[in-house]
Asker: 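Pasting a structure here, questions to come.
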Amino acid sequence: MNLYCDPEIDRLERERLWPNVWQMACREAELVAAGDFVTYDIVDDSILIVRTGAGADDLAAMYNVCQHRGRRLRDEPHGRIGKTIQCRFHGWQYTPTGELVQAHFEEDFRDCPAFDKAQLGLPRVQVARWGGWIWIHQDPQAEPLRQWLGEVPRFLDPFAPEAMRPLWWKTIIAPANWKILVEAFTEAYHSGYTHLTGINYRSARVPSLALGNHSMLYGEPGPFTEYKNAEGRWVTPTSLQENLWANFVHLGRTIGAMTLEPGMAAYERLRRLPDDTAVDVVLTKLLEYHREEMEQRGIVWPEGLTLEAWAAAGLDWHVFPNSIVLPTFDGALWYRMRPNGHDHDTSLIDIWSLGRFAPGTEPVVRQEIFQGFAAFRGQCEFLEEDFSNIEAVNRGVKSRGFRAAILNPVQESGIAHFHGMLEKFLRSAGD
């Protein structure tokens, strides 16, 4: 079976994958006051997540479907309910936690044996919090979120992702299968021949490592990477600090993520250190400058974010099945990929630039939706280089001339792990 375009794979994913994995549904900050809600759609299912009170865990998650005739209760992606959730078709009403409290002309149902208000509440799903996200799982008996995440929080909690806020949120209806998108951002092997505008990545070797259900990328020490200077000439850095400055400032300029305004200032200061500055001093100053620039702006520095924690966390995490995060001192670039209904040739990719802000200065962010990669052009130069390849891969894997993926055992082992996890979920005990 073709992993990307076989209808049988689509069916198996609908039946065996998505109902049986933890998925991040929304940012906690989207649900501020009691009554706020978000809908999260995955293939045929829509999940309604409601804040029910002032406590951090005062949340309810349930299927977004009236138990009368199956109408979706909320069509919009977010909003606020009143005292009840009312169906717009026949007016059945549910509490914010899903109990049925009123059916229009309830007395007419006296002779209907299936009508039992106590049994006709909205089916609940599991809900949990980590990293500033609200996560859902459709199996009430599933393992707890923390157990599913395994080693991920140990490496990423020092970055305090729960304290980050979006700088922007862009959603693309992408012309590619969701798995091709996951794979593209689970390896950096492509960088030397895909990202050509400002950094020469051909000398950068980035291995991957499987950890439990998930995988990570980590950088290896190696030759400095050439960068294009203001005059358009390729220049080889003469020091570690110049190399760090060139790489991280390039990401900030071409993505608008990972290196934000405080980090830009910190790397400019780092660049001015003398070329012969010892490596340990450069790294100490790297942390010191970032912290100073943030604190000058009233931004709280995460106390657990040390040089050791930063180095241990690597560059890129794939949280199976469909979440990818690249953590930095300034924040994170975070992705989520999903099928677009039953069309295996398109998918939904959400991309967040998350940052740290002084209290009260967090930007008000609205989701931007783009119909295809062409509509996204002009948003993020760096990511646009990826997207041209992704669309071409989506076409190429359908060719009779394509036998199978031959994965780099060092730099693409995260993709191999992803495929192994998919196989684990898609095959049944009898297969």
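All of these numbers come straight from a predicted model, not from anything done at the bench.
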Asker: Hey, is Glu293 close enough to Arg356 for a salt bridge, meaning N to O under 4.0 Å?
Answerer: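 Not counted as a salt bridge, because no side-chain N and carboxylate O are separated by less than 4.0 Å.
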Asker: Nearest heavy-atom pair of Ala61 and Ile47: which atoms, and what distance?
Answerer: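 The answer is CB-CG2, 4.3 Å.
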Asker: Could you tell me the separation between the CG atom of Leu315 and the CE atom of Met216, rounded to the nearest 0.5 Å?
Answerer: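 Rounded to the nearest 0.5 Å, the CG-CE separation comes to 7.5 Å.
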Asker: Are Arg11 and Glu8 within salt-bridge range, i.e. N to O under 4.0 Å?
Answerer: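 The answer is yes: the pair qualifies as a salt bridge.
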Asker: When the aromatic ring centroids of Tyr4 and Phe402 are compared, is their separation below 6.0 Å?
Answerer: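 Ring centroids of Tyr4 and Phe402 are no less than 6.0 Å from each other.
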Asker: Using every non-hydrogen atom in the two residues, find where Ala313 and Phe159 come nearest and quote the distance to one decimal.
Answerer: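 Of all heavy-atom pairs spanning Ala313 and Phe159, the closest is CB-CE1, 3.4 Å.
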Asker: May I ask you to say whether Glu391 pairs ionically with Arg395, meaning some side-chain N is under 4.0 Å from a carboxylate O?
Answerer: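 Salt bridge present between Glu391 and Arg395.
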Asker: Just wondering, do Trp310 and His290 contact through their side chains at under 4.5 Å, heavy atoms?
Answerer: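 Counting from C-beta outward, His290 and Trp310 never come under 4.5 Å.
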Asker: Between Trp22 and Trp130, is the gap from one ring center to the other below 6.0 Å?
Answerer: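 Between Trp22 and Trp130, the centre distance exceeds or equals 6.0 Å.
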Asker: Let me see the working for Asp6 and His344 under side-chain hydrogen bond (donor to acceptor under 3.5 Å, both in side chains), right down to the final yes or no.
Answerer: CA-CA 8 Å; Asp6 193 311; His344 57 229; over 6 Å; no
Asker: Between Arg233 and Glu226, does at least one N-O distance fall below 4.0 Å, as a salt bridge requires?
Answerer: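 No, no charged N to carboxylate O under 4.0 Å.
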Asker: Rounded to the nearest 0.5 Å, what separation is found between the NE2 atom of His250 and the OH atom of Tyr201?
Answerer: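 So the gap between those two atoms works out to 4.5 Å.
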Asker: List the atom of Thr95, the atom of Ile85, and the distance in Å for their closest heavy-atom pair.
Answerer: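 For Thr95 and Ile85, the tightest heavy-atom pair comes out as O-CD1, 3.5 Å.
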Asker: Take Asp41 and Ser46, measure what side-chain hydrogen bond (donor to acceptor under 3.5 Å, both in side chains) needs, and give me the verdict at the end.
Answerer: CA-CA 4 Å; Asp41 294 343; Ser46 180; 2.6 Å; yes
Asker: Step through it carefully: locate the ring centre of His214, locate the ring centre of His417, and say whether they are under 6.0 Å apart.
Answerer: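 No, the ring centres sit 6.0 Å or more apart.
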Asker: Can you establish whether the number of heavy atoms outside Arg80 located under 6.0 Å from its atom CZ is more than 12?
Answerer: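 Yes, because the 6.0 Å sphere around CZ of Arg80 holds more than 12 heavy atoms from other groups.
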Asker: How close do Leu156 and Pro327 get, heavy atom to heavy atom, and via which atoms?
Answerer: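 Answer, listing the atom of Leu156 first, then Pro327: CD2-CG, 3.7 Å.
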Asker: Would Glu151 and Arg154 pass as an ion pair if we require N to O under 4.0 Å?
Answerer: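 Yes, Glu151 and Arg154 are salt-bridged.
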Asker: Please find the pair of heavy atoms, one from Glu13 and one from Pro19, that lie closest to each other, and give the distance.
Answerer: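 Looking at all heavy atoms of both residues, the shortest contact is O-CD, 4.0 Å.
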Asker: Between Arg269 and Tyr289, is NZ or CZ placed under 6.0 angstrom from the six-membered ring centre and within 45° of the ring axis?
Answerer: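 Yes, a cation-pi geometry holds between Arg269 and Tyr289.
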Asker: Inspect the contact between Arg146 and Asp157 and indicate whether a charged nitrogen and a carboxylate oxygen are less than 4.0 angstrom apart.
Answerer: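 Yes.
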Asker: Is the NZ or CZ atom of Arg129 positioned over Trp135's six-membered ring, under 6.0 angstrom from the centre and within 45° of the axis?
Answerer: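 The answer is no; the distance or angle limit is not met.
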Asker: Taking side chain as C-beta onward, heavy atoms only, is Pro96 less than 4.5 Å from Ile81?
Answerer: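 In contact.
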Asker: What closest approach, in Å, do Met24 and Tyr335 show between heavy atoms, and which atom pair accounts for it?
Answerer: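 Residues Met24 and Tyr335, closest heavy atoms: CE-O, 4.1 Å.
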